[in-house]
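Start at 1 and go down the list; that is how both ligands and their atoms are numbered. Small disclaimer: the values here were computed from a predicted structure and weren't measured. Below, each value reflects all heavy atoms present in this structure, side chains not excepted, and no hydrogens, waters or symmetry copies.
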Amino acid sequence: MGSKLVVNNYGSFDVVFTHGNGSTMYDVNGKKYIDFLAGIAVNSLGTNYKPLVEAVQKQAEKEIHICNYFMSDVGIQFAEELLKATGFEGIYFGNSGGEGNEAAIKLARKYGYLNGGEKRRVIYTLENSFHGRTMATLTATGQEKFHPAYFAPYVEGFKTIKANDWDAIKTAFDDTTAALLIECVQGEGGVNIVDAEWAKAAADEARKAGAIVMADEVQTGFGRTGSLLASDELGFKPEVVSFAKGVAGGLPMGGILFRGKANDVFKAGDHQSTFAGNPLACAAGLVVLHELQKPGFLESVKEKGEYMRKEIASWKNPNTGDVRGKGLMIGVDIENGKSALELEKKLLANGLLTSTAGKNTLRIVPPLNISKEEIDEGLSILKKTLETL
Ligand SMILES: *Cc1c(COP(=O)(O)O)cnc(C)c1O
């Protein structure tokens, strides 16, 4: 239907949504779906969450866009509260995850130049990582399938190391290394969790070589894993964190937070974007942040995730293998010669929204405030569908 009108880069399904409520969505035929996808980990407070809707409506009446020659009051408030909540010293607002990572890459390059000249240019990322679709973030992405010959030449100065490889970090970093960029839980790569001890050791080695450490928290950030930032939980204290997806509950917003050696690297004119810090997105971001700060909210994300993982594992369905994740970022390996994509399609037909990741993994990233009833309704669809896969 829509795929005839918009370039079909997404392999989209023929389902047209009209509205939703919480973690329940409805298509144009009135069919109901339980939302275990949240617009790919974006709708952190679900659909039609009243405080979010009202904040955006109110902001729309005040101002929708100003340009970055000036600042908006709501932008200042959001930046202040974000920095206070996360313990960072500076922030750059962009509009997407790819743009956040572009900003991180540019900051790392300038940092390298200021602290080692022309030769300190290399940015390490992890094998199997995903960092975006722009030329630089695509190059940074540690998966060969994202590097077809027809997009070449790619951007220079990127190398990869394997996550959780202790030998690699002993020799990888030197005076040519500008930064190490860690995706804390590889979302697109199959919900693979980076080991906390390894991440800390890798960060130490990179810093010893004079590099800064950055975390791609585009998917893991802002409550998804049950912490404000997943890097807090892993404990490697990045100098730069990129964020996007869930930060503004569905409005386009992305960017980077920075501190320590990464603070004061960007100067006026180094990096900009026309839409950056959009007041509507900032107003929405404040609602999301306040929700995450409510006592028990992040704890409930962890509990719900654990409950879902335990439930799925307890079925011992022969079509499923490893069930893993952090908070409400869950991966279920599909085995027995069955396909995760086939499962995703059948789930869609049966009224459950999910997605796939990695080689053959079902990815579950529901709204963070999904109700117990919606979780159980979704799980029962998943259970039945797995039985007939
Ligand atoms: C989605 C994602 C991106 C890209 O974000 P866009 O908003 O699509 O540009 C980058 N990194 C990670 C880890 C992501 O999950």
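Checked by atom type, the side-chain pair Y111/E239 shows no donor-acceptor distance below 3.5 Å. Between the side chains of N350 and T385, a donor-acceptor pair is found at a separation under 3.5 Å. In summary, the side chains of D216 and N101 do present a donor paired with an acceptor at a separation below 3.5 Å, with no hydrogens or angles considered.
Taking atom 14 (C) of ligand 1 as the reference point, the nearest protein heavy-atom neighbour is K245 NZ, 3.0 Å. Looking only at heavy atoms of the protein, atom 9 (O) of ligand 1 is closest to G98 N, 2.7 Å. The nearest heavy-atom contact from the protein to atom 7 (O) of ligand 1 is G97 N, 2.8 Å. At the top of the distance list for atom 11 (N) of ligand 1, counting protein heavy atoms only, stands D216 OD2, 2.9 Å.
With ligand atoms numbered from 1 in the order given, ligand 1 contributes 15 (O) to contacts under 4.0 Å with heavy atoms of Q219. Shown in contact with S96 at under 4.0 Å from a heavy atom are these atoms of ligand 1, numbered in order with element: 7 (O), 9 (O). Taking a cut-off of under 4.0 Å to the non-hydrogen atoms of N101, the atoms of ligand 1 that pass are 10 (C), 11 (N).
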Evaluation steps, side chain to side chain donor-acceptor pair (under 3.5 Å), between D35 and T47: CA-CA 10 Å; D35 187 7; T47 301; 5.0 Å; no
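Note: F222 and F243 have perpendicular aromatic rings, judged against thresholds of 30 and 60 degrees for the angle between ring planes.
When atom types are taken as modelled, the side chain of R121 and the backbone of R109 share a donor-acceptor pair closer than 3.5 angstrom.
Remark: among candidates R224, E183, M253, the nearest residue to atom 13 (C) of ligand 1 is E183, based on non-hydrogen atoms.
Residue F130 places at least one N or O, backbone or side chain, under 3.5 Å from an N or O of ligand 1.
Between E183 and F130 the shortest side-chain heavy-atom distance falls below 4.5 Å.
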